[in-house]
Each structure stands twice: as C-alpha cells, then as structure tokens.
Amino acid sequence: SLPLPPDSAFNEMIRYENGIGVDLYFFSTPKTSIEEFLSFYRDLPPTDGWTVSHVGQVNLHQDDCEFIRECVIINKGSTQVVLYYNGARIRAEFDWPHLYSPLD
C-alpha cells in the first residue's frame, strides 16, 4: 500500500540478511521529471496511513540523498521509507531501524 506516482509498477526487492537493516524495493514509473516526482509527494495528503514527513536531502544517505538529489521520507506508524527517483525507476528503502533523517 506504499503510495507511488500513477502507473508505477513493482520490479524487484532486495532483502539483506546482514547489513544495516534496510530492505530495498524498486519500481518502474512512466518517464517523469525529478520535480514531478517530488511534487507528487509534496502534494500527497495522508494516504492509507502514510504521511510525508520530509522532501529534501537526507542525512547519512551519502550515495544519493545527502549530496546528489532530493529524496522523500514517508512514514506509516513505526515504518519509515526513503524514496528517490533517478530518472528511470523509484527506489524505496524500508528503513526499519530509522537510520536516516532530514538533513539540517
């Protein structure tokens, strides 16, 4: 029930037995701009229990969200997900231990 832009489709999932505790999901989405992706989440009302808590850069996410692009943090109860779009597909990181936070 993860809120995604229209016509997005699941591609694959990676679950790590060892590591930092983040599960990765990948979704294809029709060609859209980064700004349209971010606007979708900026304008998203609470949906099925999900709320957008941050749109922007994300602390400790060095490969993508801290230095390279803006990302989205959404929450549902104790579940936190970091979403980013690289122009080809959406990557959803289920951040179970809540390692990531908005970059101040």
Side-chain angles (χ1 to χ4, degrees):
S1 68
L2 189 63
L4 295 167
D7 299 322
S8 297
F10 175 75
N11 284 123
E12 68 177 302
M13 177 197 146
I14 300 172
R15 172 166 277 163
Y16 295 102
E17 289 184 28
N18 300 310
I20 63 172
V22 174
D23 293 331
L24 307 177
Y25 292 76
F26 296 92
F27 301 87
S28 63
T29 192
K31 203 69 161 167
T32 188
S33 70
I34 300 294
E35 189 52 44
E36 289 170 322
F37 169 78
L38 295 173
S39 291
F40 174 82
Y41 289 101
R42 282 186 189 110
D43 299 337
L44 186 71
T47 303
D48 193 28
W50 290 100
T51 57
V52 176
S53 60
H54 176 71
V55 176
Q57 294 185 305
V58 176
N59 197 25
L60 300 177
H61 202 287
Q62 296 175 1
D63 292 337
D64 296 291
C65 301
E66 189 168 17
F67 301 115
I68 298 171
R69 64 179 58 88
E70 290 185 305
C71 297
V72 175
I73 298 176
I74 61 174
N75 304 88
K76 182 176 184 177
S78 64
T79 302
Q80 176 168 288
V81 179
V82 177
L83 298 157
Y84 70 89
Y85 178 60
N86 66 5
R89 64 184 185 167
I90 296 170
R91 179 173 169 160
E93 298 185 7
F94 279 73
D95 178 18
W96 303 113
H98 292 239
L99 299 173
Y100 304 124
S101 61
L103 184 66
D104 295 329

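Everything quoted here is computed from the prediction, not taken from an experiment. Basis for what follows: all heavy atoms, side chains included, without hydrogens, waters or symmetry-related copies.
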Could you tell me whether a side-chain N or O of [X] sits under 3.5 Å from a main-chain N or O of [Y], the two making a donor and an acceptor?
| X | Y | answer |
| --- | --- | --- |
| Glu70 | Ile34 | no |
| Asp95 | Tyr100 | yes |
| Ser53 | Ile73 | yes |
| Tyr85 | Thr32 | yes |

Close side-chain approach of [X] to [Y], heavy-atom, < 4.5 Å:
| X | Y | result |
| --- | --- | --- |
| Val81 | Trp96 | no |
| Asn11 | Tyr25 | no |
| Leu83 | Phe37 | yes |

Working to the nearest 0.5 angstrom, can you tell me the gap between [X] [atom1] and [Y] [atom2]?
| X | Y | atom1 | atom2 | result |
| --- | --- | --- | --- | --- |
| Leu4 | Phe10 | CG | CZ | 11.0 Å |
| Asn75 | Trp50 | CG | CH2 | 7.5 Å |
| Cys65 | Glu93 | SG | CD | 6.5 Å |
| His54 | Leu103 | NE2 | CG | 7.0 Å |
| Phe27 | Asp7 | CZ | CG | 14.0 Å |

Checklist line | side-chain hydrogen bond (donor to acceptor under 3.5 Å, both in side chains) involving Thr47 - partner list, sequence neighbours excluded | finding: none
So which atom in [X] and which in [Y] form the shortest heavy-atom distance, rounded to 0.1 Å?
| X | Y | value |
| --- | --- | --- |
| Arg69 | Gln57 | O-CG, 4.0 Å |
| Pro30 | Ser8 | CD-N, 4.4 Å |
| Thr29 | Pro6 | OG1-O, 4.2 Å |
| Lys76 | Ser1 | NZ-OG, 3.5 Å |

Checklist line | Pro3: which of Thr51, Asp48, Leu44 passes side chain to side chain contact (heavy atoms under 4.5 Å, CB included) | finding: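 Running side chain to side chain contact (heavy atoms under 4.5 Å, CB included) over Thr51, Asp48, Leu44 with Pro3 returns exactly one hit, Leu44.
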Checklist line | Audit row: Glu36, Lys31, salt bridge (Lys or Arg N to Asp or Glu O under 4.0 Å) steps and yes/no | finding: CA-CA 10 Å; Glu36 289 170 322; Lys31 203 69 161 167; over 6 Å; no
